[in-house]
There are 2 protein chains.
Amino acid sequence: MHKMDFQTFTKRYDISLERICRDIFRSRDKTIRIKKEETAVKNLTLILDAALNLSVEKGFDAMTLRDLQSRSGLSMGCLYSYFSGKEALLHLMQYQGRNLVRDVLHEVLKDEAIPQNKLEIAIRAHLYLSERMHKWFYFSYMETKNLGREEARKAIESELLTEAIFVDILDEGKQKGVFFFTDARLVAAIIKAMLQDWYLKRWKYKKRQIGVEEYAAFLITFTGKALGHFPSDLMSGTASPNHSSAGGEQI
Amino acid sequence: MHKMDFQTFTKRYDISLERICRDIFRSRDKTIRIKKEETAVKNLTLILDAALNLSVEKGFDAMTLRDLQSRSGLSMGCLYSYFSGKEALLHLMQYQGRNLVRDVLHEVLKDEAIPQNKLEIAIRAHLYLSERMHKWFYFSYMETKNLGREEARKAIESELLTEAIFVDILDEGKQKGVFFFTDARLVAAIIKAMLQDWYLKRWKYKKRQIGVEEYAAFLITFTGKALGHFPSDLMSGTASPNHSSAGGEQI
DNA sequence: GTCTATATACCGATAGAC
DNA sequence: GTCTATCGGTATATAGAC
């Protein structure tokens with residue numbers, strides 16, 4: 001998928017809360033007591049939407065099930081038909097978010113061979129994903145520390161997997177003589193840090209009216225220069241205007 | 001302060017928990033009911049040490065005052081002689097950490113004139129500070145969202161102040177023709193993101209045996225290349241060995 | 001499937017003995 | 001200055017009516 005921008009990205013991949021909830025229902029029929037798919041998906045959407053918003057506002061820990069009750073419009077008893085407890089809800093959301101990110105990242109890269117293009121695509125896909133699923137990314141990052149032993153291990157594994165994608169691209173580019181650096185893992189680590197800043201410091205970029213396309217172009221130029229590779233059409237530093245909300249409502 | 005490394009940094013600046021607690025006692029004699037300085041500083045040190053460790057382990061919200069009681073060795077009633085409530089403790093710690101960082105950053109930069117050196121010093125000082133006060137930095141970052149309206153405003157102000165230091169250095173370098181970029185605030189923002197990665201993803205760098213000197217050298221080289229400025233003695237990419245623990249126990 | 005009502009436990013905070 | 005004992009409030013979770 002070349003010459004990708006935010007709009008074509010959101011059109012190509014169905015990243016909606018409803019779709020995620022349907023995936024959850026189909027893969028977790030044991031822990032969810034409700035039988036009818038339509039009812040289950042509708043209520044799951046209400047629950048996850050409320051839980052995401054409350055978690056971003058005040059933190060998952062500070063969110064009480066009474067908050068979740070009133071925000072979702074469902075009752076206490078009804079909530080417990082969809083998950084076995086507050087902790088199970090946390091794990092459910094973390095798990096589903098991780099898998100979606102992993103799948104999309106592999107999907108966008110699968111038909112590309114040129115390292116410079118791969119790097120640009122991986123950066124853009126990660127930024128676009130976190131733009132589309134901003135609350136989800138913010139939530140996943142902030143609540144990692146509250147996970148239990150086994151779940152924390154999976155979160156770390158996921159972090160390293162994303163990084164490994166960048167390490168592979170960098171090493172390939174180094175071998176082909178288009179990237180210049182000494183330690184691929186260090187470069188991948190700070191690329192990841194810069195990607196994460198986009199959703200962790202969203203308030204800052206929003207206040208400065210910097211959109212996702214502009215940030216993407218800047219990041220690609222900056223890393224390109226640092227790696228000794230200069231993307232031809234981006235060196236001017238001019239970026240597209242802000243249309244960060246072109247892809248519909250954020251989830 | 002030129003040719004700064006971690007060891008000389010920690011020797012030059014007294015960044016100990018005891019010193020911070022003494023500052024707190026002297027500046028807050030109204031909210032602390034204890035009169036004798038020796039007693040007060042001793043117990044404050046116990047309290048803050050326990051609070052920092054518990055917050056990093058499970059989060060400030062999840063930490064109960066009973067946890068704090070057993071970890072510090074003091075009783076419930078005694079704790080309340082040192083702060084008026086859990087929220088006041090949070091604000092106290094945030095406030096004191098912010099001020100120390102602000103003061104040290106201004107101190108290290110005050111006698112330097114060359115932009116390239118300024119950039120290197122600012123990067124090193126921030127990394128060394130966060131290395132020395134790792135728990136403090138991690139705590140400050142993670143608990144920002146739990147602050148009240150007014151305190152959150154101060155935290156944001158502090159974030160932007162640190163960034164402004166980098167913006168000034170970058171603009172000066174651009175004017176003098178040694179740095180090349182289009183938007184100083186974007187560059188400063190991602191430099192900050194890379195600095196923060198050092199204390200937010202500490203587990204990763206520790207596992208890979210990357211010390212603070214090595215990370216500092218890498219960051220300076222990477223940003224130097226991206227800005228079109230090549231530090232002469234760092235281009236080889238070779239870095240000092242890991243002596244991240246040379247400066248005593250972390251706080 | 002969804003609701004209300006309630007059980008049980010633990011939180012932050014304080015009063016008052018020592 | 002420091003302790004123990006306890007209050008009032010609220011959390012998660014469940015039982016059983018509809």
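Naming: A, B, ... by sequence-line order, numbering from 1 per chain.
- Residues from residues 17-27 of chain B placing a heavy atom under 4.0 Å of any atom in DNA chain D do not occur.
- For Tyr199(A), the side-chain contact (heavy atoms from CB on, under 4.5 Å) partners are His126(A), Ser130(A), His134(A), Phe137(A), Tyr141(A), Gln196(A), not counting sequence neighbours.
- Residues satisfying the salt bridge (charged side-chain N to carboxylate O under 4.0 Å, His left out) criterion with Lys110(B), sequence neighbours excluded, are Glu107(B).
- Residue pairs satisfying the side chain to side chain donor-acceptor pair (under 3.5 Å) criterion with at least one member in residues 73-84 of chain A, sequence neighbours excluded, are listed as follows: Arg33(A)-Ser81(A), Asn43(A)-Tyr82(A).
- Listed by residue number, the members of residues 35-60 of chain B with any heavy atom below 4.0 angstrom from DNA chain D are Lys35(B), Lys36(B), Thr39(B), Asn43(B).
- By the side-chain contact (heavy atoms from CB on, under 4.5 Å) test, Ala216(A) is found to be paired with Arg124(A), Leu127(A), residues two or more places apart in sequence or in another chain being considered.
- For residues 77-102 of chain A, the salt bridge (Lys or Arg N to Asp or Glu O under 4.0 Å) pairs, not counting sequence neighbours, are Arg98(A)-Glu151(A).
- Applying the salt bridge (Lys or Arg N to Asp or Glu O under 4.0 Å) rule to pairs touching residues 133-150 of chain B yields Glu150(B)-Arg153(B), sequence neighbours excluded.
- For Glu37(B), the side-chain contact (heavy atoms from CB on, under 4.5 Å) partners two or more places apart in sequence, or in a different chain, are Arg22(B), Phe25(B), Arg26(B), Val41(B).
- Between the P atom of dT2(D) and the CG atom of Leu79(B) lies a distance of 10 Å, rounded to the nearest Å.
- Spacing between atom CD of Gln69(A) and atom P of dT10(D) amounts to 15 Å, rounded to whole angstrom units.
- Listed by chain and number, the residues in a side-chain hydrogen bond (donor to acceptor under 3.5 Å, both in side chains) with Arg66(B) amount to none (sequence neighbours excluded).
- For the salt bridge (charged side-chain N to carboxylate O under 4.0 Å, His left out) test, residues two or more places apart in sequence or in another chain that qualify with Lys204(A) are Glu159(B), Glu163(B).
- A cation-pi arrangement is absent between Arg185(B) and Tyr205(A), since the terminal nitrogen or guanidinium carbon is not both under 6.0 Å from the aromatic centre and inside a 45° cone about the axis.
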Where along nucleotides 9-16 of chain C does protein come under 4.0 Å, by heavy atom, of base (B) or sugar-phosphate alone (S), with - for untouched nucleotides? --BBBB--
